[in-house]
Amino acid sequence: MAELNSDEPFIDTNKLIFGIGQVQQITGVSGRQLRYWESQNYISPIDQKKGVSRQYSLHTLFLIFHINRFIQQGFTLQAAVDHAKEFDAQIPALRQFLKKQLKGVEISDDQTVIDFGYFNAQRTKRVYGVIDRNGQTFFEIRDVK
DNA sequence: TTTCTGACA
DNA sequence: TGTCAGAA
């Protein structure tokens, strides 16, 4: 099974900057909305100076995207922001856990098996996440040979 | 051409 | 929130 070990990201996501026009194209949120949300302190561009073109970080782009998603689901702006920020706060934990536990992935014709490492301290069982041919997902615990 | 701020038939 | 004006 292939080993996954990329500690260094190949792209510094902090260097991915987007202008307001790009943000509009990508997220579908209008410039008017972006400026209004900013005035309400829901979002904030990178080190904003007066009168200069706004620049948004990738992180803010994601936040904007999610706020808009919740709005389209019928939430009020305020509620959408709350949901988006809550989700936003969960991402680091998800990334950390996945990075720590993901040991490998094996893709075959009928299914994909994700290796999540040992199930117990005795190292007699291992946990696998399975995606079958129908897209169904489930866990599987197998004895270590 | 794009973005900025302010204003509202 | 959209849209228009006037400026940068």
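Order of the sequence lines fixes the chain letters, A, B, ..., with proteins taken first and strands second; residue numbering starts at 1 for each chain. Keep in mind that the numbers below use all heavy atoms, side chains included, and drop hydrogens, waters and symmetry copies.
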Send over the distance from [X] [atom1] to [N] [atom2], rounded to a whole Å.
X	N	atom1	atom2	value
A:L34	B:dT2	CG	P	16 Å
A:Y56	B:dT3	OH	P	10 Å
A:R35	B:dT2	CZ	C1'	10 Å
A:N68	C:dT1	CG	P	9 Å

Inset, instruction - Hunt down the Watson-Crick or G-U wobble partner of C:dA7, both distances under 3.5 Å, from any strand shown, or write none. - result: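 With both distances under 3.5 Å, C:dA7 matches B:dT3.
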Legend entry - Mate of B:dA9 where both pairing distances stay under 3.5 Å, Watson-Crick or G-U: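 By the stated definition (distances under 3.5 Å), nothing pairs with B:dA9.
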Between the protein and nucleotides 3-6 of chain C, which nitrogen or oxygen pairs come in under 3.5 angstrom?
unit_1: C:dT3; atom_1: O4; unit_2: A:R32; atom_2: NE; d: 3.1

Inset, instruction - Give me the residues of residues 20-31 of chain A where at least one heavy atom lies under 4.0 Å from an atom of DNA chain B, by number, or none. - result: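 Result for residues 20-31 of chain A: A:I20, A:G21, sorted by number.
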Legend entry - A:L94 CG to A:F87 CZ distance, which is reported to the nearest 0.5 Å: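 Nearest 0.5 Å value for the CG-CZ distance: 7.0 Å.
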Inset, instruction - Could you tell me whether the side chains of A:Y56 and A:Q22 share a donor-acceptor contact shorter than 3.5 Å? - result: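 No - no donor-acceptor pair under 3.5 Å links their side chains.
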Inset, instruction - Ignoring hydrogens and angles, state whether a donor on the side chain of A:H59 or A:D88 is under 3.5 Å from an acceptor on the partner side chain. - result: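 Yes, a side-chain donor-acceptor pair sits under 3.5 Å.
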Backbone of [Y] reached by a side-chain donor or acceptor of [X] within 3.5 Å:
X	Y	result
A:K85	A:Y42	yes
A:Q24	A:G31	yes
A:N134	A:Q136	no

Legend entry - Parallel, tilted or perpendicular, as decided by the 30° and 60° cut-offs, for the rings of A:F70 and A:F75: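 Perpendicular, since the angle between the ring planes exceeds 60°.
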Legend entry - Over-ring placement of A:R126 relative to A:Y118, 6.0 Å and 45° cut-offs: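 Flagged: A:R126 positioned over aromatic ring of A:Y118.
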